[in-house]
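These values consider heavy atoms only, across backbone and side chains, with no hydrogens, waters or symmetry-generated copies.
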Amino acid sequence: MNKSQMKQLRSCLKSELGSSVFCTEYKVNQVLGLEHVEPTTGTYKYGKENIDWSYKPVKDVLELWLKSSEKQYDHLDIVVTIDHGKGHSRITCNFISRTRNPENGEWQEEENAYTIGNARCRKDNANIVMNTFGTLLNDDLKTLPSIISIVEGQAEFGANAAAQKNIPINLFMAGDILFYNMVIGKEGMSGWWCSFRKLFKNDWQDLGHERGEPWTIATLAEHAERIANQQINTKDIRAVCGARGKPVFDALPLRHFITPILHLTIGKGNNVLDNYVAKLQAAAEGYTDDYYAAERAEVQTTAAHLYAKEQLAQFTMVMSEYEKDLKRQQKRNTLSDADRVIVESELADIVAERNRLQDAVPATKHNHAQAKKMFAAEKKKPENGKDFGQPINAKMDEVLKKNGIDRAAMFGGTIEGNGARKLMENADAIINEMEEHVLEAPTRFSGTDDEIRHVGKTHGSLLHSLDGYFSCLRTKRFHLTLEIVEKGKQFRDQVLAHERYLGMSVTRKGHLMEDHSLEQQEELDGIGDLGEDFGERNHQDQAKADKRLGCVRNFATRETIKSKEEVQTKDKKVQAKITEIKLKRMKGHSKGTLACQSTK
């Protein structure tokens, strides 16, 4: 591009955008008042991957937001979330200012989400988080003040006796179940152990189960230390309770880890949909005899392999101390010949039994691998395929699309947040159309018409109950009433009853619904606007910004540009200044043109 073309391009951009694009950083700061927090950057080497990261102190971002906020408020909630996706792990902070109407006591909220940190990594785990921005974030949250004082119209951190108003600050953590288990020291155990209580997954399957002893950050740290000091038998699964290290975030109490409403909605919606499709497929899509035989063999070998591993673990745990005691007795010179024979016989039996159990593990593993391979081969055959494109799934995709849910376009064929909500709202229309399709299908293999209608009615009731439950759970903080609490409990009980009636396993998400979500909602007077939704939205916005700034190769420079753009987008004073500049630069009619038009 030559000089003339560049000049023409600049002129076009200036006329379209209303301001000069090619200007210095000084002019931008001076004209727009673009004050921003400069991010700290660094690089962490994880294996062969160099992870670039950036971080902005929460207190500095909060202080900048307070300067730009002209509205008076009575309460401030700060929600922090870390979300990973599309090759980035990002921290987002949501400042929720709440104002109470003195006349009717009603609360009004205003949310302002800001990016705090970013790590460019293919996956996230506790090591990556704590060696990039995690430690800085945890230290910042510990020193964050609990009160903001308003003195002569200016906001100050900390309590002040001369303040016209003291605004309390509450701090919360939002994220999915995987993230929670990662930061409390139970990484990889989200499907097996409860994050909030000492409860194994088998324990919460039954209705009316024991709640278990509650965890706190302090007791989790103490428990991890006892494991590290070998005061707890690491071969005893229930004694370990899924702990793999100390909590990496100890700045917040565990009860301020908010129930992930968005991920609960997605998980439960997909669970019900998959279960309903499986029931319809059993009625209208058959398998070959070889498929059923391979499936049965796969199930049996899986159970045999699990049983072999459990038997070996149980034997080792029970006999370990006994074997050590026998070996100590064997070394004694005072042991009689008769007793020595007994001890040696016992030790020989223990060794033989251990060898038998150890040999069973690889043998059952080999059998399971062979059965799994045969079952996979059977599933690939066209006559056994029930994936996308097969009759029932293809019809379900068509029906969902009619109701605004494009399942095929989503990752892995699962529905996402908006899709799950639409599924619950339009349950009757979706199920009725699928029922008619199956009832008229020429390939009916099992189930009477009444049984198929009953299955549809039960799943429809389950989706309606989920819709009511999540509607109650999304109640904003300080908007909760006793009526909403009671309705939420009724819907929750209906959901759990329907799931157990349909034979659906009570997953970790189901356990959260049953034992923790409504309890936390009552304790905090509502959690609907404290969830992880804002983090997901900000992650998408930041991904678009990264794509737009892809030509900026330097990571630190790009993060600085994004920090400035975020302030420009979200700061009301800056937006007002930009609007003012654009209005001043708008070309109006000249006096000569107006005079000519008036004479016509």
Have Q494 and H464 got a donor and an acceptor in their side chains that come within less than 3.5 Å?
-> no
Under 3.5 Å, is there a donor-acceptor pair between the Q108 and T99 side chains?
-> no
Nearest 0.5 Å please: distance from the CG atom of N270 over to the CD atom of E416.
-> 9.0 Å
Given side-chain hydrogen bond (donor to acceptor under 3.5 Å, both in side chains), test H36 with E566 step by step and report yes or no.
-> CA-CA 9 Å; H36 72 285; E566 187 173 47; over 6 Å; no
The salt bridge (charged side-chain N to carboxylate O under 4.0 Å, His left out) partners of E559 (sequence neighbours excluded) come to K562
Nearest heavy-atom approach of L254 to F196 is O-CE2, 3.6 Å
Under the salt bridge (charged side-chain N to carboxylate O under 4.0 Å, His left out) test, residues paired with R500 that sit two or more places apart | E514
Closest approach of I266 to I415 (non-hydrogen atoms, all atoms of both residues) = CG2-O, 3.5 Å
H459: partners by ring-ring contact (aromatic ring centres under 6.0 Å, His included), with sequence neighbours left out | Y276
Heavy atoms, side chains only, cut-off 4.5 Å: are N403 and V399 in contact?
-> yes
Can you name the residues that form a side chain to side chain donor-acceptor pair (under 3.5 Å) with R255, not counting sequence neighbours?
-> E523
Carboxylate-amine/guanidinium proximity below 4.0 Å for D52 and R120 = yes
Test salt bridge (charged side-chain N to carboxylate O under 4.0 Å, His left out) applied to D124 - qualifying residues, sequence neighbours left out = none
Mind jotting down which residue pairs meet the side chain to side chain donor-acceptor pair (under 3.5 Å) criterion with at least one end in residues 481-491? Sequence neighbours excluded, please.
-> K489-E522
Could you check if a side-chain atom of S89 sits within less than 4.5 angstrom of a side-chain atom of D83, using non-hydrogen atoms only?
-> no
Does the side chain of E106 come under 3.5 Å of the side chain of N101 through a donor N or O and an acceptor N or O?
-> no
Pair E451 + K279, salt bridge at N-O below 4.0 Å | no
Which is it for K395 and E398 under the salt bridge (charged side-chain N to carboxylate O under 4.0 Å, His left out) test, yes or no, and what are the steps along the way?
-> CA-CA 5 Å; K395 181 62 180 178; E398 178 188 330; 3.4 Å; yes
Hey, are N125 and Y46 close enough side-chain-wise for a donor-acceptor pair under 3.5 Å?
-> yes
Stepwise, does the salt bridge (charged side-chain N to carboxylate O under 4.0 Å, His left out) test hold for D515 with R197?
-> CA-CA 10 Å; D515 285 356; R197 290 179 180 270; over 6 Å; no
Distance under 6.0 Å and angle within 45° of the ring axis: does K201 meet both against W193?
-> no
Side-chain donor-acceptor pair present, T115, N538, cut-off under 3.5 Å = yes
Modelled atom types, side-chain donor and acceptor of E532 and T81, under 3.5 Å = no
Indicate whether the side chain of D203 and that of H209 have a donor and an acceptor atom separated by less than 3.5 Å.
-> no
For the student: nearest non-hydrogen atoms of I261 and G528, plus distance = CD1-CA, 4.2 Å
Heavy-atom check, side chain of L512 versus side chain of P260, under 4.5 Å = yes
For the side chain of K509 and the backbone of G267, is there at least one donor-acceptor N/O pair under 3.5 Å apart?
-> no
NE2 on H88 to SG on C121, rounded to 0.5 Å = 8.5 Å
Just grab all the salt bridge (charged side-chain N to carboxylate O under 4.0 Å, His left out) pairs involving residues 265-277, residues at least two apart or on different chains.
-> K268-E499
State which residues pass side chain to side chain donor-acceptor pair (under 3.5 Å) with N271; sequence neighbours excluded, sorted by chain then number.
-> none
With rounding to the nearest 0.5 Å, note down the distance linking NZ in K123 to CD1 in I128.
-> 6.5 Å
Got a sec: does the CE of M374 have more than 12 other heavy atoms crowding it under 6.0 Å?
-> no
Which atom names give the shortest non-hydrogen contact between L264 and Y469, and what distance separates them?
-> CD1-OH, 4.5 Å
Applying salt bridge (charged side-chain N to carboxylate O under 4.0 Å, His left out), name anything that partners D529, two or more places apart in sequence or on another chain.
-> R98
Taking the side chain as every heavy atom from C-beta outward, state whether V299 and R296 have any pair of such atoms under 4.5 Å apart.
-> no
ring-ring contact (aromatic ring centres under 6.0 Å, His included) partners for W53, two or more places apart | none
Does any donor atom in the side chain of Y55 or D140 lie under 3.5 Å from an acceptor atom in the other side chain?
-> yes
Looking at residues at least two apart in the chain, or sitting in another chain, which of them share a ring-ring contact (aromatic ring centres under 6.0 Å, His included) with H511?
-> W204, H516
CG (L178) and CE (M189) are apart, to the nearest 0.5 Å, by 12.5 Å
Any side-chain heavy-atom pair of L137 and V129 under 4.5 Å | no
Any chance you could measure K476, atom NZ, to D77, atom CG, to the nearest 0.5 Å?
-> 12.5 Å
Are Y291 and F375 near enough that their ring centres are under 6.0 Å apart?
-> yes
Indicate the ring-plane relationship of F179 and F249, choosing parallel, tilted or perpendicular according to the 30° and 60° boundaries.
-> tilted
Should the heavy atoms of other residues, nucleotides or ligands under 6.0 Å from CH2 of W192 be counted, would the total exceed 12?
-> no
Give a yes or no on whether E210 atom CD has more than 12 heavy-atom contacts from other residues, nucleotides or ligands under 6.0 Å away.
-> no
Can you check whether M173 reaches Y180 side chain to side chain, under 4.5 Å on heavy atoms?
-> yes
Least distance between heavy atoms, L423 atom then G269 atom = CD2-O, 3.5 Å
Pairing residues for H75 by the ring-ring contact (aromatic ring centres under 6.0 Å, His included) criterion, not counting sequence neighbours = F478
Stepwise, does the salt bridge (charged side-chain N to carboxylate O under 4.0 Å, His left out) test hold for E565 with R548?
-> CA-CA 12 Å; E565 289 183 347; R548 180 167 43 80; 3.0 Å; yes
Kindly give the heavy-atom pair with the smallest separation between H454 and Y501, and that separation in Å.
-> NE2-OH, 2.9 Å
Test item: side-chain donor near acceptor, N181 and S190, under 3.5 Å = no
Could you check if a side-chain atom of M434 sits within less than 4.5 angstrom of a side-chain atom of M396, using non-hydrogen atoms only?
-> yes
Residue pair I116 / V80, side-chain heavy-atom distance below 4.5 Å = no
Rounded to the nearest 0.5 angstrom, the CD1-CG distance for I392 and D397 is 11.5 Å
